[in-house]
Amino acid sequence: MNAGKPHVVHIGFHASEAHTVDFEADHVTVVMPRASAARLPAALAARFARIEVLDLPDSDDLDTYDRAVDRMRELVEDLVAQYGPPAAIVGLYEHTTLPAARLREHFGVPGTGAKTALLCRDKVPMKEALSGTGIRVPRFLAVGPDTPRAELSEFARGLPGRVVLKPRSQGASIGVRILDGAAELLALADAGGIEEGYEAEEFVDGSIYHIDGVVRDGEMRWFCASRYLDTCFDFRHGTAPLGAVTPDSPGLVRRMRDVTGTVLEALGLTDSTYHMELFHTPGDELVFLEIGNRFGGAGISWHQRQVYGVDLARESVLACLGRPSEVATPTTMLDHRDVGASGWLYMPAVSGAVRVVAVRGLDELPGSVVGVNTPSVGDVLDSEGLIWATAGGFLVRGDSTLAVERDMARIISTYTLETKAGD
């Protein structure tokens, strides 16, 4: 057994988070799927004290990881035999937060427990936990192939319009369907088209905001709200760009912060990063959508690190380790007086495997652009299997929300890739 350094176990890992890990201070081990381990750069893989691999399907089914938690436990026990009991178990991603929490409880490690992690994964108990808080949630029903038709019919009749059918514990709009209304939901059920582990919920009209931040000892250390220009659903299932811009209304931000604090308290999330989504309806009502006990994906971490100096991935690791946050005082994005508003923009990927022939529009970017991540001529792009496949990313910082939106519209109208199929 190795003594001296603390033993830190990661459940899953991606090379983009390498900067968050102190390989010198800790014995850092990782349990991850064989396919993911094979994608780690060799120099990075060599820095881990040990890598244990799982034989899991290389798929976008996030629940695959939690179903393998018993095998993970065996592998961590092997690591414990060499490096001692874990001082921390780190789960950074949507698919690893719940198994990491289960392993913490098994090995007696501090941090977010399985009850809270489940509330941040399963959209049914997540909403149930907010009952009595005064926060509105969409009307919802847990559904599956055995849901009685009378129960489904009663629920559907009470909805005013479209119906959202979604897996209870996936993310990034995976498996989500938007149905025209009650009749389509009932017809789908009659045809045996509703799978186990799904939820039906009311479609809520309004803008969608993502709320990202850091909570430590139950106190919100960092809070940032951003309004999606479109939706994750339309980006994954259509050709719309995906982007978001921060609001510059102190009153709206204050209300969103109050809602976020209530949600965190109701779910028992006290030491973590968080990624929450809210509707802001045309009637100025805030409606809860969902929350994850992890940092946001897509361009969110890049945006907040570059514009506000808050490294959400690093904060996630520190929270799992029980080490102090690097956010000095509780703050929101509006406390950064030099930033009127800001946002991130992802252009939709070209379908299939293509080679970039030309990149156009970079010489026309507005002066408000503070970050660019675009392919170069000759690069091969392949969107297959990627959750956030993109043809280019941009960060914009301006005097106001309106100014940022205007400059994003300019980028969308001028930036293009010319590609050809094949390698």
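For reference, positions follow the sequence shown, starting with 1.
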Do side-chain atoms of [X] reach the backbone of [Y] as a donor and acceptor pair under 3.5 angstrom?
X      : Y      : answer
Arg294 : Thr96  : no
Arg177 : Lys166 : no
Arg216 : Arg323 : yes

Between [Y] and [X], is there a salt bridge with N-O shorter than 4.0 Å?
X      : Y      : answer
Glu74  : Arg71  : yes
Asp338 : Arg397 : yes
Glu199 : Lys127 : yes

In the structure I gave you, are the side-chain heavy atoms of Glu285 and Phe279 within less than 4.5 Å of one another anywhere? no

Report yes if some heavy atom in the side chain of His303 is under 4.5 Å from a heavy atom in the side chain of Ser342; otherwise report no.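 Sidechains of Ser342 and His303: in contact.
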
Is the ring centre of Tyr93 less than 6.0 Å from the ring centre of Tyr65?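 No, the ring of Tyr93 stays outside the 6.0 Å limit from the ring of Tyr65, centre to centre.
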
Ring-plane angle category for Phe394 and Tyr415, please: parallel below 30°, perpendicular beyond 60°, tilted otherwise.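 Ring orientation, 0 to 90° scale: perpendicular.
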
So Phe48 and His10, would you call those rings parallel, tilted or perpendicular, with 30° and 60° as cut-offs? perpendicular

Can Asp407 and Ser368 be counted as having a side-chain donor-acceptor contact under 3.5 angstrom? yes

Intermediate values then yes/no, side chain to side chain donor-acceptor pair (under 3.5 Å), Asp248 and Ser400: CA-CA 6 Å; Asp248 51 16; Ser400 67; 4.6 Å; no

